[in-house]
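Worksheet: one structure, shown below.
Keep in mind it's a predicted model, so treat the numbers as computed, not measured.
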Amino acid sequence: MSRPPAPRTPVPARAADVVREPDVEAAPPGLGNRVGRVRDVVTASVAGHGGAPRWFSGVFAGVQAAVLSLVVVAVPALAAYVATSADPTNAGVEWPRAVAVGAGIWALAHGGALTAGGATITLVPLGITVLALFSAHASARRSALPGLGSWLAGILAYAAVTALVVVLAGSAGPVGAGPGPLLRLALGTVLVAGTGLGTGMVRARRLRELTRPWWSPVPPLVRSGAVAGVLVVALLAGAASLLAGAWVVSGRAAQGDVVAGLGVDLFGGTLLAVAQVAVAPNFVLWALAWLVGPGFVIGEGTLYSPAEIVSGPLPALPLLGALPTDAGGLLRWVPLVVLVAGCLAGWWLHRRLAATRAWEPFAASACAAVTAGVLVAVGTMAAGGSVGPGRLAVVGGSAVLVGGSVLLGTLAGAVLTSVPTDPVVRRAVTQRLRRGGAPSVEPTPQAQPAPAEQADA
């Protein structure tokens, strides 16, 4: 008799082969649920073996990031057009013009330029730039699959949307300002898309492992100095944020007078508040330039610094009512905050760096100073630009002066803290002092007897 066949045990499917299908029947009808079903289908097709390639998720995330941040900027511009469409002075303005202005402002946040009334505006609204970075990060975190191909495809897709926005903006955008703004726009687009999508695709711990082949050949001395420089920048940025908040609180009366003088309604006040939020990071970086010492300008011929204030006519922006009005006296000592930040960085280097030679603490302090100076100079350059014709073509701080002040202050503070407390340096100094302070005494050679005397002996 033949034995009956053994029952087959079902083989569990692999996790990579399981594709979650969207629950269409359980979801109630609605636009949000439709979008969710589309996203599930796209994600499932990308994750499956027989679906779209892996880089397609990067393209989807790049387009989504650019469109979301663009909509946030373009919708208020279109709403402003709708609110003012009944004004007879706006009879010849059509709604595509409002969308083009919003697209130009979005491109301006990526490093482009905006042309209006014969004036070229190059001041980057860093608030919108931060919004674009967050949008790219969130889109990649939600929709993209990690991988080099996905990352590069997302950057290219973001750049394609940016090119479409430039065409949409027309002569009011970077095209009408020349090749310089177009080059800055291309660089800014790559930086925003690459940073936002990269941080969204890869976690911080995983990013460290992926980038290890790039930074591991760098000597630990240089790496520690660079981290100390970033620490200095973080301390200065925090102090500048507190200072900017104090300016806003103390200048609320002047800001209220500006708002009353403009006579805006509820909708206009909302748009004005959005515009001020867009330049709030710029205001913080101006406060950092004031804190460091060289200060900043709001128009040619003006100066706002701890040692001197030279004011002039200002644009009708309530945030500018919070600019400082006092200078001199004890405020001249404010730039010592850079020295304090450098001392803290030097203390961190002393605890972090295990020096084996006497020159290493000096080199680490120099690396920290260069890193802090370069980062602050780049931030100061990004926060400045032109906001109008004539004297308003110069706004912000000097990148060379502000960055140089941070470099020198950080170097002095780090050396004062890390060098004297290092045991290797103290040992080398002690040996040098002992060697240089005691007179060198050569041993006196003993007299040798003559050959005749040796023979007589």
Mind checking side chain to side chain contact (heavy atoms under 4.5 Å, CB included) for Ala244 and listing every partner two or more places apart, or none if nothing turns up?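 Scan of Ala244 (side chain to side chain contact (heavy atoms under 4.5 Å, CB included), adjacent residues dropped) gives Phe283, Val284, Ala287.
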Can you list the residues that meet the side chain to side chain contact (heavy atoms under 4.5 Å, CB included) rule with Pro294, with sequence neighbours excluded? Val292, Leu401, Val402, Ser405
Any donor-acceptor pair under 3.5 Å linking the side-chain atoms of Ser418 with those of Trp347? no
To the nearest 0.5 Å, how far apart are [atom1] in [X] and [atom2] in [Y]?
| X | Y | atom1 | atom2 | answer |
| --- | --- | --- | --- | --- |
| Leu68 | Ser135 | CG | OG | 4.5 Å |
| His110 | Ile105 | NE2 | CD1 | 13.5 Å |
| Ser139 | Leu197 | OG | CG | 7.5 Å |

Where is the tightest heavy-atom contact between Leu126 and Ala382, given as atom of each residue plus distance? CD2-O, 4.2 Å
Donor-acceptor pair, distance only, cut-off 3.5 Å: does the side chain of [X] make one with the backbone of [Y]?
| X | Y | answer |
| --- | --- | --- |
| Asn282 | Pro125 | no |
| Arg351 | Trp348 | no |
| Glu300 | Ala393 | no |
| Thr199 | Gly196 | yes |
| Ser69 | Ile128 | no |
| Ser150 | Pro146 | no |
| Thr122 | Ser386 | yes |

Quiz: residues 305-331 side-chain donor-acceptor pairs under 3.5 angstrom, not counting sequence neighbours:
{"from": "Ser305", "atom 1": "OG", "to": "Glu308", "atom 2": "N", "distance (Å)": "3.1"}
{"from": "Ser305", "atom 1": "OG", "to": "Glu308", "atom 2": "O", "distance (Å)": "2.9"}

So, do Trp286 and Trp247 have ring centers that fall under 6.0 Å from each other?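 No, ring centres 6.0 Å or more apart.
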May I ask you to decide if the ring planes of Phe296 and Tyr304 are parallel, tilted or perpendicular, using 30° and 60° as cut-offs?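 It falls in the parallel class, under 30°.
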Residues Leu187, Leu185; criterion side-chain contact (heavy atoms from CB on, under 4.5 Å); working and verdict: CA-CA 5 Å; Leu187 180 61; Leu185 175 62; over 6 Å; no
